[in-house]
Structures are given as C-alpha cells and as structure tokens.
Protein chains: 2
Amino acid sequence: MSTPIPGRPVRGSKSGQPIMALFDLLGRSWALGIIWNLGTRSRTFRQLQTVCESVSPTTLNTRLKELRNSHMIESTINGYRLTKSGIEVLDLLKPLGSWANKWSDKFNQSK
Amino acid sequence: MSTPIPGRPVRGSKSGQPIMALFDLLGRSWALGIIWNLGTRSRTFRQLQTVCESVSPTTLNTRLKELRNSHMIESTINGYRLTKSGIEVLDLLKPLGSWANKWSDKFNQSK
DNA sequence: TGCGTCTGCTACAATATTTGTAGCAATATT
DNA sequence: AATATTGCTACAAATATTGTAGCAGACGCA
C-alpha cells in the first residue's frame, strides 16, 4: 500500500485533493490510534505494540513508514514521536475524544 | 465486520473506549469520505458511488449500514443525510480540510 | 569477552476486507 | 407498456491485516 500523498491519486480522489489524501492516510487501520497514542509521549515500536492492542508488527511497521513519509511522525533515539504537523493534526482531532464520550451515551440509553 | 459500538470491544480497545470505537468506525475505508460528502447535501446511493470514486457497492452499503447503526447518518426519501450527531462530527472534522491544504505544500516544496 | 535481554523489524501463512463486474427487483419516467 | 433509474446483493479476484515465529544489532553486566 503506497503512502497517500496529496496531489497524487489516492483512494477516493484521482486528483489527490489534500483532504482525500489525508482521509486515505488516517483511514487505514491503526493510523488514528497511533497518532492518538503518541500524543502524550514518544513511544518505542514495542510500546506501540502494547498500547495498540492487537496490531500486528507488520501493519504497525507499514503504518509507521507511511506516517513518516507523510511527515506526521519521526523516529528519534527515544522512539517515535509526532512531528510539528502530527501535533497539529492531533490537536484538531482531540475534540473528538470528548465528543465520543457524549456519543457513547446514545448507546447506553438505548440498552 | 460488526459496527463499532462504544463500550464493547473494538479494534484497538478491549474495553471499547469511546474514542477507540469512533476511530474504528471512522478508520474504515470510505467512512470519512462518506461523511465529508454528505456535508453539503443529502445524496442517494448512486450519487455516493459517483462522488466516492472507486468505492464498490458492497463496501458502500456496508459502510452505510454501520454509519446508520452508529447514528451518524440516516436514510430519507431524498437519500442519505447526516444526523445531528453526524453534523457534529463533521463540524469537528472540517478544520482538517484547510489544514490538509497547508500539509499538501510540504510535498510540493520537496519536489 | 561472553551471555542474556531487549529492540526494531521481517517472513509468511491464515484470515478478513475491499474491489470490480454483473445483475435483480422495485420504483419512476416516457 | 417499454425504458431508465434506483438501492442493493452475489460472488470471485485482489488486497490488507493478523498472528506467530524469529533474526540481527544494541545494551547491561560479569
């Protein structure tokens, strides 16, 4: 699976509209979870394997490569961490956390 | 593939933390694209097939079912449209659109 | 130096998801 | 009544993900 790059064809857009490239990137398994889990601290490959329960090393490594290619994360001596871009995206995603809690109530109510 | 419901185990969380259930839902192919494309107007199944270039009817229908089950969209006489929840999520996602344009520059510069 | 231990990561087969094409039944439109 | 359009299903081929095993390099330590 090739890294979605804006301006090139991606899943969802032959012209590679930036938002579609971003959705292609973030919409792959574990991409959102990885970014979310790198929010608080940098983590090693093995730590990411632990916090992302059930991700396979194959997929984890594939996703890490893609996120590096798209400048969302970078590898350091202390493990992987978000780049400036990655932090910006995470900041935009953060509100989803509390929204998800409210959303969750919809399911408890109907139980 | 079962619809991710907060509070139940999902890809990424055995306890089904709401944010993880949401990421599981949104991180499936076309989920983000569908929500994005329902932002401006309601669309029929065939219209969604057109605007989501290259989605298969199988996947489209699966995703639509999941998004209905999770109260993000609903089916009307005029096609599918976002629910109140869906609109809220889209509003949270919208800033990603303009951010993606800035992000896109990173790739043009290095060409 | 030699021995565990931990690390990032690859191999590879089994399983799951997505695509692509065809087409069907029900509902408009002519 | 004939034709077109719609929402959607069938199903096989292609692709992505998992799960398990394991390897080579770096590290701590005797």
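Throughout, protein chains are lettered first and strands after them, A, B, ... in sequence-line order, and every chain is numbered starting at 1.
- One distance of note links OG1 of B:T3 with CZ of B:R8; it measures 11.0 Å at 0.5 Å rounding.
- Of the two residues contacting DNA chain C, namely B:M1 and B:Q49, the nearest-nucleotide position lying further toward the 5' end is that of B:M1.
- With rounding to whole Å, A:R68 atom CZ is found 11 Å from C:dG8 atom P.
- In this structure, CZ of A:R46 is placed 14 Å from P of D:dA21, rounded to the nearest angstrom.
- A 4.5 Å side-chain heavy-atom check between A:S54 and A:W30 finds at least one atom pair inside the cut-off.
- Distance CZ/B:R43 to CD1/B:I34: 12.0 Å, rounded to 0.5 Å.
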TODO: Please report the C-alpha distance between A:L60 and A:F45 in whole Å, then the side-chain angles of each, then the deciding distance to 0.1 Å, and finally whether the side-chain contact (heavy atoms from CB on, under 4.5 Å) criterion is met.
DONE: CA-CA 8 Å; A:L60 178 56; A:F45 189 95; 3.9 Å; yes
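- Phosphate proximity of C:dT7 to A:Y80: absent, as no side-chain N or O sits under 4.0 Å from OP1 or OP2.
- Going from atom CZ of A:R28 over to atom C1' of D:dT18 covers 18 Å, rounded to whole Å.
- Both distances falling under 3.5 Å, in either a Watson-Crick or a G-U wobble arrangement, place C:dT30 opposite D:dA1.
- Proximity of B:P4 to B:R28: side-chain heavy atoms (C-beta onward) are separated by under 4.5 Å at one or more points.
- Rounded to an integer number of Å, the gap from A:D24 CG to D:dT15 P is 15 Å.
- Two residues, A:S2 and A:P57, neighbour DNA chain D, and the one matched to the more 5' nucleotide by heavy-atom proximity is A:S2.
- Atom pair A:L60:CG and D:dA16:P shows a separation of 17 Å (rounding to whole Å applied).
- Between the CG atom of B:L64 and the P atom of C:dT18 there is a distance of 13 Å, given to the nearest Å.
- Across all strands shown, A:S54 has heavy atoms under 4.0 Å from sugar-phosphate atoms exclusively, and none from any base.
- One finds a side-chain N or O of A:T59 lying less than 4.0 angstrom from the OP1 or OP2 phosphate oxygen of D:dT18.
- Distance CG (A:N61) to P (D:dA24): 18 Å, rounded to an integer number of Å.
- Counting distance only, with no hydrogens placed and no angle test, the side-chain atoms of A:T58 and the base atoms of C:dC12 include a donor-acceptor pair under 3.5 Å.
- Between the CZ atom of B:R63 and the C1' atom of C:dT17 there is a distance of 8 Å, rounded to whole Å.
- The shortest distance between the side-chain N/O atoms of A:S56 and the OP1/OP2 oxygens of D:dT18 is below 4.0 Å.
- Which of C:dC9, D:dT6, C:dT18 sits closest to the side chain of B:T44 comes down to D:dT6.
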